[in-house]
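Atoms considered below: every heavy atom in the structure, side chains included; atoms not considered: hydrogens, waters and symmetry mates. Chain A is the first sequence line, chain B the second, and so forth, proteins listed ahead of strands; every chain is numbered from 1.
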2 protein chains.
Amino acid sequence: MISLSTPPRSAFSDGVQRDIDKIVETTVYLYTESRRLTKEVARARNLTGPQLTVVKMLQHLGDLSLSELSERIRAGNSTVSGIIDRMEREELVRRVRSKEDRRVVHIKLTEKGRSLAASVPIAPMEIFQAAIASLEAEEMATVLRILLKLAGRIDELVQASNTPQSEP
Amino acid sequence: MISLSTPPRSAFSDGVQRDIDKIVETTVYLYTESRRLTKEVARARNLTGPQLTVVKMLQHLGDLSLSELSERIRAGNSTVSGIIDRMEREELVRRVRSKEDRRVVHIKLTEKGRSLAASVPIAPMEIFQAAIASLEAEEMATVLRILLKLAGRIDELVQASNTPQSEP
DNA sequence: ATCACTTACTTCGTATACGAAGTATTATTC
DNA sequence: GAATAATACTTCGTATACGAAGTAAGTGAT
């Protein structure tokens, strides 16, 4: 999974730049480690990461349309369509056309899918959540505030960089 | 890009759970937004995200072996080998076998690759870095401390969950 | 030197992942 | 109510992404 910075031609002191790099690195780590975890848990059940995510999602939320599923796992319809293809092949889910709106496809867990879901004690993402939960209340509030500030700042910078230059 | 939690059968108060979800969400956002940005910038140059990352990496660091490149962009050798295949096809880079160690392949920017790199004003990841740099010194220190704590906690939890149970 | 081992990389098979284009169905507009 | 637009999904082409297996080239131990 690709990510990552080219090193900085820094305008900051070495110490600050090191902190910045460390924050980037840790954020990436938290994200990738969560995915790695999902994958590892999935592997033990002969599933892929996304497939496990889908199974747990359906277990918790009940049947979902393909679009709803796409939205929840933040992937495009075409991606999820493929995932469901393979899950149907493994008889983990079934596609059922909606009667109200015949464009819609509901994804339903099969018995096999349901028992598989039951065999996974916690959703992998819950490890991340548990870690966060172990923070002091104040730390949690602080980190949330700063992360949101970061996200907001990035939005601004993106806005800004969307207007100006263009090169050869 | 898949991610994401199934909803919590929460052991926490609603407020705390909402904070936890928000932190997860924001972390994922920061990561995925960075990737989206890379992709967007790359697209304008007829490159893919990873290809742009490679180009800027080589520009800043000079020639790298394929393994060094893999490590830097946190991807496996086989993945990077494919990326380099396509970049070679586009004449952005060349493979040059090392003379000291004939197993090693050095990846070198071509002229085309170099001028393309020059046409990208800032590495996309630098937007993330710029956002972080805009934090107060104290906030930066705090968020770093807490993120590291989180990362450490996750490591512990992973250790713990790697020893015990196993199900049908 | 020789054999086992490791390392650096490639190749292959499969699974995401996305966007563009296509199909079917529903909603809207006139 | 027929033409048009929008929606839900699928299909296709291409690019990651990974692990397993393969190849070639160093390293070690004896």
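- For B:L66, whose side chain is taken as the heavy atoms from C-beta onward, the closest listed nucleotide among C:dC18, D:dT10, C:dT10 is C:dT10.
- Residue-level contact check: A:R95 touches the backbone only, with heavy atoms under 4.0 Å from sugar-phosphate atoms and none from bases.
- Rounded to a whole Å, the CZ atom of A:R35 is 16 Å from the P atom of C:dA15.
- Residues A:I23 and A:T27 form a side-chain contact, since some pair of their non-hydrogen atoms from C-beta on lies under 4.5 Å apart.
- Here the side chain of A:T48 is nearest to one of D:dA8, C:dA8, C:dT16, namely C:dT16.
- In this structure, A:R36 pairs ionically with A:E33, as a charged nitrogen and a carboxylate oxygen lie closer than 4.0 Å.
- The side chain of A:S65 lies closest to D:dC9, out of D:dC9, C:dT16, D:dT16.
- Across D:dA25, D:dT16, D:dC12, the shortest atom-to-atom separation from the side chain of B:R102 is found for D:dA25.
- Checking A:D101 against A:G82, the closest nucleotide of DNA chain D that is more toward the 5' end is the one next to A:D101.
- B:R43 comes within 4.0 angstrom of sugar-phosphate atoms only, judged by non-hydrogen atoms across all strands, and of no base.
- At a threshold of 4.0 Å, the pair A:R95-A:D85 counts as salt-bridged, since one of the basic side-chain nitrogens sits closer than that to a carboxylate oxygen.
- Proximity note for B:S78 (side chain, C-beta onward) versus D:dT16, D:dG19, C:dC9: the nearest is D:dG19.
- Proximity note for A:T79 (side chain, C-beta onward) versus C:dA17, C:dA8, C:dA15: the nearest is C:dA17.
- Rounded to whole angstrom, the span from the CG atom of B:L69 across to the P atom of C:dC9 amounts to 10 Å.
- Of the possible donor and acceptor atoms, none in the side chain of A:K108 sits under 3.5 Å from a partner among the backbone N and O of A:V96.
- The nearest whole Å value for the distance from the CD atom in B:E100 to the C1' atom in C:dA8 is 14 Å.
- A:R103 contributes a side-chain N or O that forms a donor-acceptor pair with the base of D:dT7 under 3.5 Å.
- Between B:K39 atom NZ and D:dA15 atom P there is a gap of 12 Å when expressed in whole angstrom units.
- Rounded to a whole Å, the CZ atom of B:R86 is 9 Å from the P atom of D:dA17.
- The residues A:R114 and A:E111 are annotated as salt-bridged, a charged nitrogen and a carboxylate oxygen being separated by less than 4.0 angstrom.
- Where A:D85 and B:R89 each meet DNA chain D at their nearest nucleotide, the meeting point lying more 5' is that of A:D85.
- Following rounding to the nearest Å, A:Q51 (CD) and D:dC18 (C1') show an atom-to-atom distance of 14 Å.
- Comparing D:dC9, C:dA8, D:dT16 by their nearest atom to the side chain of B:P50 picks out D:dT16.
- At whole-Å resolution of the value, CD1 in A:I84 and P in D:dT10 are 9 Å apart.
- The phosphate of D:dC9 (OP1 or OP2) has no side-chain N or O of A:R97 nearer than 4.0 angstrom.
- Atom-to-atom, CG of A:N77 to C1' of C:dA24 comes out at 15 Å; the value is rounded to the nearest Å.
- A:K149 NZ to B:T26 OG1: the interatomic distance, rounded to the nearest 0.5 Å, is 14.5 Å.
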